[in-house]
Amino acid sequence: MKICYYPGCTLKNNAKNFEESALCSLNSIGVEVEELPRWNCCGTVFSLATDDLIHHVAPIRNLIRVKESNTDRVMTLCAMCYNTLKRANERVKADSESLDKINQFMYREEIDYEGDVKILHFLELLRDEIKFENISKKVTKLLKNLKVANYYGCLLVRPKEIGLDDVENPTILENLMTALGADSIDFPYKTECCGAYQTVNNLEIIAERTYHILTSAQSQGAEIVTVSCPLCAFNLDHRQKETVQKYPEFKNIPILYFTQLLAIALGCPEESLRFDLNYIDPKPILKEKGLI
Amino acid sequence: MRINISQRKIKDPFVAKVQELSGQNLLACYQCGKCSAGCPAVSQMDILPNQIIRYAQLGLKDELLQSKSIWICASCMTCNARCPKGINIAEVIEAIRQILLRKREDYLKIEELSDEEKTKLPPIAMVSSMRKFTS
Ligand code: SF4
Ligand code: SF4
């Protein structure tokens with residue numbers, strides 16, 4: 001199987017640990033990945049104002065690139081890219097007048113966009129096409145005795161029309177972790193917003209959310225929390241520094257991209273896990289469990 | 001807090017503008033409060049999500065444009081997912097933000113961020129914050 005891949009900006013920067021662990025995992029599963037040529041930033045957030053067409057240009061331009069690569073589907077890893085590309089796509093599919101205007105605006109592109117690209121998240125590819133039971137068969141290192149709480153955040157599941165699982169109680173990550181041999185922990189904050197971009201100028205909010213989300217996972221026995229969005233990762237991992245300052249009793253907990261755990265289970269080399277980019281060091285707990 | 005309501009305010013073009021930019025029918029709201037019950041940001045808000053809708057119905061423009069809440073909401077879409085009347089509250093809040101941003105009243109002052117913070121923040125944080133908080 002070959003798949004066209006849209007990385008987005010942060011996977012080429014702070015979230016190299018997300019990208020490299022995912023690419024190594026895909027390679028182990030036997031999926032050939034081709035990075036979308038000439039991709040541009042998707043804009044990170046879907047424009048909510050009805051008349052704001054200009055901000056749909058960036059995501060739609062990427063979909064033209066997908067067509068130019070002679071395919072009609074594209075896979076993302078970042079939850080924000082997934083949400084923005086998919087919502088912009090749904091928006092223009094439902095509204096041909098907007099699509100015409102956007103195409104006219106991009107008159108120098110060689111082709112028009114026709115609403116015919118499918119946006120797929122890596123998790124959907126694993127669940128629906130490769131299937132978790134087949135991934136289980138490829139596991140070389142079971143994540144035994146590792147208690148993992150999975151944090152979805154907002155953008156993989158909301159709004160319902162584009163979400164990849166149940167809007168209130170998604171379980172796709174738990175099912176994947178179970179397939180890898182881990183103990184999946186459920187916790188009530190798994191779809192509660194981390195505060196997102198408030199991290200730029202309102203650290204108070206982020207410290208409060210990080211505290212509530214992570215202590216909730218810890219109270220259920222979690223040893224690691226997984227994420228699928230580089231902004232959630234930044235807030236839940238790097239902002240633990242500010243969280244401890246505000247809540248001195250808070251105990252640090254490692255945050256991993258789900259792909260880092262997947263890569264471990266599939267026997268990827270430690271270089272591809274890029275733990276140097278994780279703020280709270282996950283190595284002690286992974287060593288304790290004999291995983292690295 | 002004392003709030004004056006009047007026909008003049010209810011008929012203010014602000015109400016129509018909010019409906020147009022958000023694409024929502026404000027009068028569909030029956031004030032059940034479910035949006036506020038599930039909103040993770042209420043502890044920092046001065047006007048709660050259900051009150052934002054009520055204020056918008058009544059054309060309480062000054063109160064809304066000056067509220068902290070519109071900048072605290074992170075468009076997490078929890079309220080939208082749960083409103084029994086199908087109202088997209090996040091879109092209404094976006095419309096109010098847009099009314100200010102389109103007058104070049106930026107909320108985020110990039111120049112006030114230290115170089116250290118700017119270096120540390122991932123692109124996804126900078127781009128999304130600029131998209132939501134600057135014109
Ligand atoms: S949930 Fe919907 S109907 Fe209920 S108060 Fe909020 S906006 Fe109004
Ligand atoms: S979108 Fe805004 S108002 Fe709605 S639940 Fe999230 S933070 Fe609260």
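A note on names: the letters A, B, ... follow the listed sequences, proteins ahead of strands, and every chain is numbered from 1.
Heavy-atom pairs under 4.5 Å with chain A peak, among Ala95(B), Ser22(B), Gly23(B), Pro40(B), at Pro40(B). Here Lys132(B) is the residue among Glu91(B), Lys132(B), Glu117(B), Gln98(B) with the most heavy-atom pairs under 4.5 Å with chain A. Counting heavy-atom pairs closer than 4.5 Å to chain A, the top-ranked of the candidates Glu112(B), Met130(B), Gln44(B) is Gln44(B). Counting heavy-atom pairs under 4.5 Å between each of Arg158(A), Lys12(A), His238(A) and chain B puts Arg158(A) at the top. Counting heavy-atom pairs under 4.5 Å between each of Cys193(A), Gly195(A), Gly8(A) and chain B puts Cys193(A) at the top. Across Lys120(B), Arg131(B), Met77(B), Met126(B), the residue that shares the most heavy-atom pairs under 4.5 angstrom with chain A is Arg131(B). Contact tally against chain B (heavy-atom pairs below 4.5 Å) for Met80(A), Glu192(A), Glu208(A), His55(A): the top residue is His55(A).
Both the backbone and the side chain of Thr78(B) come within contact range of chain A, with heavy atoms under 4.5 Å apart. In this structure, chain B has no heavy atom under 4.5 Å from any part of Cys81(A). Proximity to chain A involves both the backbone and the side chain of Ser75(B), based on heavy atoms less than 4.5 angstrom apart. The contact between Val200(A) and chain B is made by backbone and side chain atoms together, counting heavy-atom distances below 4.5 Å. Contact annotation for Cys194(A): neither backbone nor side-chain heavy atoms come within less than 4.5 Å of a heavy atom of chain B. For Leu113(B), the part lying under 4.5 angstrom from a heavy atom of chain A is the side chain only. Neither the backbone nor the side chain of Thr84(A) comes within contact range of chain B; no heavy atom of the residue lies under 4.5 Å from a heavy atom of that chain. Within the 4.5 angstrom heavy-atom criterion, no atom of Lys118(B) approaches chain A. Interface remark: Ala125(B) contributes backbone and side-chain atoms alike to the contact with chain A (heavy atom separation under 4.5 Å). Looking at Ile93(B), neither its backbone nor its side chain comes within 4.5 Å of chain A, counting heavy atoms on both sides.
Using a distance-only test at 3.5 Å, with no hydrogens or angles considered, no donor-acceptor pair links the side chain of Thr243(A) to the main chain of Tyr211(A). Judged by distance alone, the side chain of Asp166(A) and the main-chain N or O of Glu168(A) form a donor-acceptor pair under 3.5 Å.
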For side-chain hydrogen bond (donor to acceptor under 3.5 Å, both in side chains), just list the numbers for Asn169(A) and Lys190(A), CA-CA rounded to whole Å, side-chain angles, deciding distance to a tenth of an Å, and then say yes or no.
CA-CA 8 Å; Asn169(A) 186 24; Lys190(A) 66 183 176 182; 2.9 Å; yes
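At least one side-chain heavy atom of Phe14(B) sits less than 4.5 Å from a side-chain heavy atom of Leu65(B). Contact check for Met106(A) versus Ile102(A): side-chain heavy atoms found under the 4.5 Å cut-off. In this structure, Leu214(A) and Tyr151(A) have side chains that are not in contact, with every pair of non-hydrogen atoms separated by 4.5 Å or more.
A salt bridge is absent between Glu161(A) and Arg87(A): the closest approach of a Lys/Arg side-chain nitrogen to an acidic carboxylate oxygen does not fall below 4.0 angstrom. A salt bridge links Glu94(B) with Arg97(B): at least one charged nitrogen is closer than 4.0 Å to a carboxylate oxygen.
Checking Tyr257(A) against Glu19(A) by side-chain atom types alone, no donor-acceptor pair falls below 3.5 Å.
Considering Tyr82(A), Tyr5(A), Tyr6(A) as possible partners of His121(A), the one that fulfils the ring-ring contact (aromatic ring centres under 6.0 Å, His included) test is Tyr82(A).
Classification of the Tyr197(A)-Phe133(B) ring pair by plane angle, with boundaries at 30° and 60°, yields perpendicular.
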